[in-house]
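This report concerns only the one structure given below.
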Amino acid sequence: MNLVEVPITDGGVKFGNSVVPVSREALKAASDKGDRTVTVGVRPEHFDVVELNGGTAASLSKDSADAPAGLAVSVNVVEETGADGYIYGTVDVGGESRDLVVRVSSRAVPEKGATVHVVPRPGETHVFSTSTGERLSD
């Protein structure tokens, strides 16, 4: 599972250039602990690759109309395993470089060195308190 520390914002969490919906209960539990960020867990198969022209992120709000939605992933390695491909890349979150793994269809595998933008599918995230590690979502 990918674990990414992201800031809390109105209606969810800020995931790159998008706001990903998170339950109010999870956000309240985090803020009750004094957390301004949460750790979001996303399995590789629960990311959508967002194309630069808008792609699949229609249900997510974007901060800027001219920037792609989600996190920019620099592709370091691509592993093709038949029907699926796995992108092993790095993202810049809060000024720190983090590793990220994304599963994609074998028909849409990017090349090494490419940059793709990803967003987690709504309802497919796991939210943890950054300060305590406690699970905050179902």
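Here the structure is a predicted model, which is why all the values come from computation and not from measurement.
- P120 and T125 make their closest contact through CB-CG2, 3.6 Å (heavy atoms, listed as atom of the first residue, atom of the second, distance).
- You'll find the side chain of I87 reaches within 4.5 Å of the side chain of V116, heavy atoms only.
- Annotation for V119 and S18: closest pair CG1-OG, 3.8 Å, computed over non-hydrogen atoms.
- One N or O on the side chain of S106 and one on the backbone of G82 form a donor-acceptor pair closer than 3.5 Å.
- Among pairs with a residue in residues 86-99, those fulfilling salt bridge (Lys or Arg N to Asp or Glu O under 4.0 Å) read E96-R98, at least two apart in sequence or across chains.
- For T115 against S74, the heavy-atom pair with the smallest separation is OG1-OG, 4.4 Å.
- In the hydrophobic clustering of ILVMFWY residues, with side-chain heavy atoms under 4.5 Å counting as a link, V40 and V93 come out together.
- Summarising the geometry of T90 relative to S97, their closest heavy-atom pair is CB-OG, 3.8 Å, with the distance given to 0.1 Å.
- Scanning all heavy atoms of the two residues, the minimum distance from A30 to L136 falls at CB-CD1, 3.8 Å.
- Scored by the side chain to side chain contact (heavy atoms under 4.5 Å, CB included) test, V78 finds V75, E80, V109 as partners (sequence neighbours excluded).
- A heavy-atom distance below 4.5 Å is found between the side chains of V13 and V38.
- Take L100 and apply the side chain to side chain contact (heavy atoms under 4.5 Å, CB included) test, not counting sequence neighbours, and it matches N2, V4, F47, V73, V91, V102, V118.
- Judged as a side chain to side chain donor-acceptor pair (under 3.5 Å), and not counting sequence neighbours, the contacts of E79 are Y88.
- Residue pairs meeting the salt bridge (Lys or Arg N to Asp or Glu O under 4.0 Å) criterion with at least one partner in residues 112-127, sequence neighbours excluded, are D48-R121.
- Remark: E25 engages no residue in a side chain to side chain donor-acceptor pair (under 3.5 Å) (not counting sequence neighbours).
- The backbone N or O of G12 lies less than 3.5 Å from no partner atom in the side chain of T9, so there is not a single donor-acceptor pair.
- Among residues two or more places apart in sequence or in another chain, the side chain to side chain donor-acceptor pair (under 3.5 Å) test is passed with T130 by T37, T39.
- Note on residues 30-43: pairs passing salt bridge (Lys or Arg N to Asp or Glu O under 4.0 Å), not counting sequence neighbours, are K28-D32, K33-E134.
- From E5, atom CD reaches atom CZ of F128 across 13.5 Å, with rounding to the nearest 0.5 Å.
- Y86 and V77 fall within the same hydrophobic cluster, defined by Ile, Leu, Val, Met, Phe, Trp and Tyr side-chain heavy atoms under 4.5 Å apart, directly or through other members.
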